[in-house]
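Numbers restart at 1 for each chain; the letters A, B, ... are given by sequence-line order, proteins then strands. Remember, predicted model here, so these are calculated numbers, not experimental data.
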Amino acid sequence: SQQGEEDPQALSIQEGENATMNCSYKTSINNLQWYRQNSGRGLVHLILIRSNEREKHSGRLRVTLDTSKKSSSLLITASRAADTASYFCATDLSGSARQLTFGSGTQLTVLP
Amino acid sequence: NAGVTQTPKFRVLKTGQSMTLLCAQDMNHEYMYWYRQDPGMGLRLIHYSVGEGTTAKGEVPDGYNVSRLKKQNFLLGLESAAPSQTSVYFCASSYGGRGLNQPQHFGDGTRLSIL
């Protein structure tokens, strides 16, 4: 079963606009991670936020985590055509094998 | 460093044939994982390994076997391929150890079609 579910499934914006993607999950987590996947490529780790953190920044990325609502959001500011990709949230549920459970992803298209 | 390398990149099999997918990492990571990705879905964990000589089942292990004879390599085997195993397979690795909160590093995938 899917632990993380992203919303929306697809998002299309103009270059320069901000893009916001949301992720909801069902059970307690150690951390939540966001990954990007370009077409035909593997996943690339973007940012990790621990369960005791509420917000984290990395360049043009801003991630928030609300453990009371079991939700997270990824904000990409000043988007570029190169940001076109699928974005996945992944939750780390256990402390033993660092297993991740992935959502079904948000397909972001940034139009030039 | 190459990171995580998967071979082959593409393969077409007939139903009932067997094959092995190879994953190699050069980051000295303890943990390695095999996932499959189907259209419109996220990644699902097939098997994983927390160290050389160890393996464990993930969410969708049926029809697959794995081996981790060397720390840097993680093999995924299909004994008798079925059309339902048509998918893109990704290998990943992570540092492991006692520290929590480690990202996973992914290969570029193997695209497998079973006819």
Taking a cut-off of under 4.5 angstrom between non-hydrogen atoms, the residues of residues 38-45 of chain A near chain B are Gly40(A), Arg41(A), Gly42(A), Leu43(A), His45(A)
Could you tell me which residues satisfy salt bridge (Lys or Arg N to Asp or Glu O under 4.0 Å) with Glu55(A), sequence neighbours excluded, listed by chain and number? Arg62(A)
Are Leu43(B) and Tyr35(A) connected into the same hydrophobic cluster when the rule is that any two of I, L, V, M, F, W, Y join if their side-chain heavy atoms are below 4.5 Å apart? yes
What distance separates Thr101(A) OG1 from Leu45(B) CG, expressed to the nearest 0.5 Å? 8.0 Å
Spacing of Gln37(B) atom CD and Ser86(A) atom OG [to the nearest 0.5 Å]: 7.5 Å
CD/Gln37(A) to CG/Asp108(B) distance, rounded to the nearest 0.5 angstrom? 9.5 Å
Look at the side-chain heavy atoms of Ile, Leu, Val, Met, Phe, Trp and Tyr, link any pair under 4.5 Å apart, and say whether Ile47(A) and Ile76(A) land in one connected group. yes
Enclosure of Glu79(B) CD (heavy-atom neighbours >12, cutoff 6.0 Å): no
Does the side chain of Tyr35(B) reach to within under 4.5 Å of the side chain of Leu100(A), using non-hydrogen atoms? yes
Are Leu76(B) and Met19(B) connected in a single hydrophobic cluster, I mean Ile/Leu/Val/Met/Phe/Trp/Tyr linked by side-chain heavy atoms less than 4.5 Å apart? yes
So Gln99(A) and Tyr31(B), do their side chains get closer than 4.5 Å, heavy atoms only? no
For Gln9(A), look at atom CD and say whether over 12 heavy atoms of other residues, nucleotides or ligands are found less than 6.0 Å away. no
Residues 14-56 of chain A vs disulfide bond (SG atoms under 2.5 Å apart), sequence neighbours excluded, gives Cys23(A)-Cys89(A)
Please determine whether the number of non-hydrogen atoms from other residues, nucleotides or ligands lying under 6.0 Å from atom CZ of Arg80(A) exceeds 12. no
Linking I/L/V/M/F/W/Y whenever their side-chain heavy atoms sit closer than 4.5 Å, directly or via other members, would Tyr89(B) and Val60(B) fall into one cluster? yes
Are Leu22(B) and Val88(B) co-members of a hydrophobic cluster defined by side-chain heavy atoms under 4.5 Å apart? no
Hey, which residues of residues 64-73 of chain A are touching chain B, say heavy atoms under 4.5 Å apart? none
Does the pair Phe102(A) and Arg44(B) meet the rule for a side-chain contact (heavy atoms from CB on, under 4.5 Å), with working shown? CA-CA 7 Å; Phe102(A) 286 82; Arg44(B) 292 183 292 168; over 6 Å; no
From CD (Gln102(B)) to CG (Asp92(A)), nearest 0.5 Å: 10.0 Å
